[in-house]
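Lettering of chains follows the sequences in order, A, B, ..., and the numbering in each one begins at 1.
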Amino acid sequence: MERAVPLVVPLGQTEVFQALQRLHMTIFSQSVSPCGKFLAAGNNYGQIAIFSLSAALSSEAKEESKKPVVTFQAHDGPVYSMVSTDRHLLSAGDGEVKAWLWAEMLKKGCKELWRRQPPYRTSLEVPEINALLLVPKENSLILAGGDCQLHTMDLETGTFTRVLRGHTDYIHCLALRERSPEVLSGGEDGAVRLWDLRTAKEVQTIEVYKHEECSRPHNGRWIGCLATDSDWMVCGGGPALTLWHLRSSTPTTVFPIRAPQKHVTFYQDLILSAGQGRCVNQWQLSGELKAQVPGSSPGLLSLSLNQQPAAPECKVLTAAGNSCRVDVFTNLGYRAFSLSF
Amino acid sequence: MSSESGKKRKPKVIRSDGAPAEGKRNRSDTEQEGKYYSEEAEVDLRDPGRDYELYKYTCQELQRLMAEIQDLKSRGGKDVAIEIEERRIQSCVHFMTLKKLNRLAHIRLKKGRDQTHEAKQKVDAYHLQLQNLLYEVMHLQKEITKCLEFKSKHEEIDLVSLEEFYKEAPPDISKAEVTMGDPHQQTLARLDWELEQRKRLAEKYRECLSNKEKILKEIEVKKEYLSSLQPRLNSIMQASLPVQEYLFMPFDQAHKQYETARHLPPPLYVLFVQATAYGQACAHMKSSQPPRQDKTLSVAIEGSVDEAKALFKPPEDSQDDESDSDAEEEQTTKRRRPTLGVQLDDKRKEMLKRHPLSVMLDLKCKDDSVLHLTFYYLMNLNIMTVKAKVTTATELITPISAGDLLSPDSVLSCLYPGDHGKKTPNPANQYQFDKVGILTLSDYVLELGHPYLWVQKLGGLHFPKEQPQQTVIADHSLSASHMETTMKLLKTRVQSRLALHKQFASLEHGIVPVTSDCQYLFPAKVVSHLVKWVTIAHEDYMELHFTKDIVDAGLAGDTNLYYMALIERGTAKLQAAVVLNPGYSSIPPIFQLCLNWKGEKTNSNDDNIRAMEGEVNVCYKELCGPWPSHQLLTNQLQRLCVLLDVYLETESHDDSVEGPKEFPQEKMCLRLFRGPSRMKPFKYNHPQGFFSHR
């Protein structure tokens, strides 16, 4: 096995520390700006970096343009989740959700617009927020995470309106059914729960690990990722990545991949998934692996498809995970370059 | 007829002369009151014209008489003779008259001559007088022109201006009413003022001179006093030697050292001076205590002074000639005798020659261990090198893995980032090396000592990369600016190396030494334990499959030290590859993990292993312990044991496997997993003793 010996540059104390910090960085979340030209990425040190997709994708892109435009300390703990409204970037991680104005973030020294903390029961540890979900119809935000509950926040007033209880362990992920106001949540307890937002009741529960087709006891029961397309739902994590028919609550396709998946999404007639391992997987609904595109990180945690109509030239897939790099895929089959913290 | 004969005959003539003459003489006698006859007086009375008539008549008469005589003679006869006689008498009278007339003419001539002469003399006198007068006139004219041309000295004098003169001069000199109209008077007045001023200045000058003299005298006196002081001081110094020895104050020794220091080459001299100064400054800072014998920094010069002196005397023929003229000679004559290799060897030796003097620096640390530094100067390369040696107060048992920690070769490596002392800092050297076939200096470093950059700086040598200079001059300020930080770095380096040395001894026995002041970082019960601690080679580290990230990040240079630790608990084995930067403990050791338990787990396939690496590598600051954080490495290892405990105990139990869990959960945890990457609770909360997520 041959390795190219890299050029060893002598490093001082701060350089070594910075190198180690970069080496142990994990990018948990990404979000594309409403204009489609910028990408925000949040890491485990609580920093949010804004990359300019348009500059990095332009023909005269230099190494410089693959570096963040701005990096700022947003949270004390890791930034687990981020979503963008038409004006704001909402970020959450250590029990708090913060809102940032996209327009102001590109300037240096940006301060958050507001911050909210869901009503938690007192505990030694502040529960984290693992997932944010925008419900455009009622202009609200759903937060879920460490306290095993879904909190609904009205974006107009900033008040927490509903609490959905039911999970027995912390919640990993959320997904919205577009047509009916229903929300799916998946958690560490191995269950995917379907909530009706109108009644604030749990309407359906799928305990994925109990189904033999997809259960993988050595990996645990946790559901790490979830995506839905009206009647169909795909989820993965400890159990295998599986496509479910919601109405009948039956697994229709089990995707043959061993590594636990951390992110899954529907894209046209494909399912994209990523997790442990370097690759972004593309699946046919029938369960065939259409392609595996290798990225630069040893493990991926989030995928982001930039489908903003405002910036068609920036229509890319970005993937981030256990490294300081955000891989940019200009079309689904090819990794063009990496943005780097 | 001569006048003499004429005069002799005069009286005869007078006697023979007739009465007519007497008659005349009488008359003149009466007139001239003399009675004697004077023809001279007669001359004045007679008219020359008449005499001339008389002369003519007489001559005619004579001619007639002669003719008659001749006539008579030719006729002959007796009566003729009478006739002739008569006529002869008549002729004689006529002759007499002629004679008289002749005399008169003579007198007249003489008289005329005398008169002419007299007149001439008169004219001459007048002429002379005229000449004199003319001369005098000329002289006077000359004098006049001279006077006119005379340049007065005062014109050369630069006088003060007119305004100034009227303003400053006292009225009794300036006399404005007189001098205003009269330029002559004015000039005089101004000259007076000038004179006055000059007199004053001259006075002043004299005063100053006397003052100067006085001061000179004083200086003389003081000099005498000083020169008389020298022998006295010498005798006092001589007398104080025993006292110095008794009080451990080696002033004299220091003085001698300064004497030898004069023969040091400039960089070593700079180093010597600056190090001595720094040492003294350190001693002064601690001077609240009585003067101590154990200074932290002591400086000494080693080597032969005579050799150094010899170097100075013939500087040309030692090196320059050899390279130029001798080289040519050698090519012709010597080349055949020694082989080319031997010759090159000699040249290399010559090039790498050290100055015979070296500077010894002993740096004493708190625990009485001493760092001996010997600084050399390579004369032909113009760089300095250092050799280091560490001695400890107590004998150390050297653990196998600590072999390189205190070796002279590596103990000072990378004191400043990147300064590994293998390459020459002087860019000019490379060309010199090319000539004699030296590839790099690193082959000679063991023998010569390391040419670290900080050594050059301590010697005041600076080799800028951008603008190579012809001559690099030892600079005191450069040395001074680097002295303190370098000495501090050296001290911490030695101390951290010694601390590591001690720690390695127990690590090799599987004990992770945790000092009491770091005990709070860890729970009381740690089950995982260190099994192995070995040193590994750099190449082996590079070959490991789980260290790729570190190698790619450029953190695995060949100046680092590499170790492998093995931590075990039950069937789980955690390998940790450790990079120990020479800059430990300011630069933390870097750990890469590989867990063998239910398959091989590394940072690429297990987020929690990655998190564990992050815990020790990134969050190392909380593990540093009290300053100067020599406990960092052991704390990191102990922390790794704790992390392994947490990792194993919180691993979710696989329901499908029969039997009890291998590692029952003993640690108190708030939650087992958190966040999208399902982190385990690695953070230890000290007083409560539970584990939480970071």
Open item on the list: So which atom in A:Tyr80 and which in B:Pro676 form the shortest heavy-atom distance, rounded to 0.1 Å?
Closed with: CD2-CD, 3.0 Å
TODO: Flag the pair A:Tyr170 / B:Arg678 as yes when at least one side-chain heavy-atom distance between them is below 4.5 Å, and no otherwise.
DONE: yes
Task: Sorted by number, residues from residues 613-624 of chain B in contact with chain A (heavy atoms, under 4.5 Å) - done: B:Glu613, B:Gly614, B:Asn617, B:Val618, B:Tyr620, B:Lys621
Open item on the list: Counting only non-hydrogen atoms closer than 4.5 Å, does B:Leu672 touch chain A with its backbone (N, CA, C, O), its side chain (CB onward), both, or neither?
Closed with: neither
Open item on the list: So A:Leu20 and B:Pro588, do their side chains get closer than 4.5 Å, heavy atoms only?
Closed with: yes
Open item on the list: Within this structure, what is the OG-CG distance for the pair B:Ser677 and A:Asn44, rounded to the nearest 0.5 Å?
Closed with: 8.0 Å
- [ ] Check each atom of A:Tyr45 against the heavy atoms of chain B and say whether the ones under 4.5 Å are side chain, backbone, both or neither.
- [x] side chain
Task: B:Arg671/A:Glu128 salt bridge by N-O under 4.0 Å criterion - done: yes
TODO: Mind checking side chain to side chain donor-acceptor pair (under 3.5 Å) for B:Asp606 and listing every partner two or more places apart, or none if nothing turns up?
DONE: B:Tyr647
Open item on the list: Could you report the tightest heavy-atom contact between A:Asn130 and B:Gly675, atom names first, then the distance?
Closed with: OD1-CA, 3.3 Å
TODO: Would you check if the side chain of A:Gln13 reaches a backbone N or O of B:Ser586 as a donor-acceptor pair within less than 3.5 Å?
DONE: yes
TODO: Answer yes or no: is there a side-chain heavy-atom contact under 4.5 Å between B:Asn603 and A:His24?
DONE: no
TODO: Using distance alone, with no hydrogens and no angle criterion, decide if B:Arg610 and A:Thr26 have a side-chain donor and acceptor under 3.5 Å apart.
DONE: yes
- [ ] Give a yes or no on whether B:Asp540 atom CG has more than 12 heavy-atom contacts from other residues, nucleotides or ligands under 6.0 Å away.
- [x] yes
Open item on the list: I'd like to know whether CD of A:Gln73 has more than 12 heavy-atom contacts from other residues, nucleotides or ligands below 6.0 angstrom.
Closed with: yes
Open item on the list: Under 4.5 Å from any heavy atom of chain B, what part of A:Glu188 do you find: side chain, backbone, both or neither?
Closed with: side chain
TODO: Considering only heavy atoms, give the residues of residues 685-694 of chain B separated from chain A by less than 4.5 Å, sorted numerically, with 'none' for an empty result.
DONE: B:Phe690, B:Ser692, B:His693
Open item on the list: Run the ring-ring contact (aromatic ring centres under 6.0 Å, His included) test against B:Tyr584 and tell me which residues pass, sequence neighbours left out.
Closed with: none
Task: chain B contacts, top residue of A:Gly237, A:Gly93, A:Gly146 (heavy-atom pairs, under 4.5 Å) - done: A:Gly146
Task: B:Arg674 vs A:Asp94, salt bridge (charged side-chain N to carboxylate O under 4.0 Å, His left out): CA-CA, chis, key distance, verdict - done: CA-CA 11 Å; B:Arg674 179 184 158 112; A:Asp94 49 356; over 6 Å; no
- [ ] Answer whether the closest heavy-atom distance between the side chains of B:Leu555 and A:Glu15 falls below 4.5 Å.
- [x] no
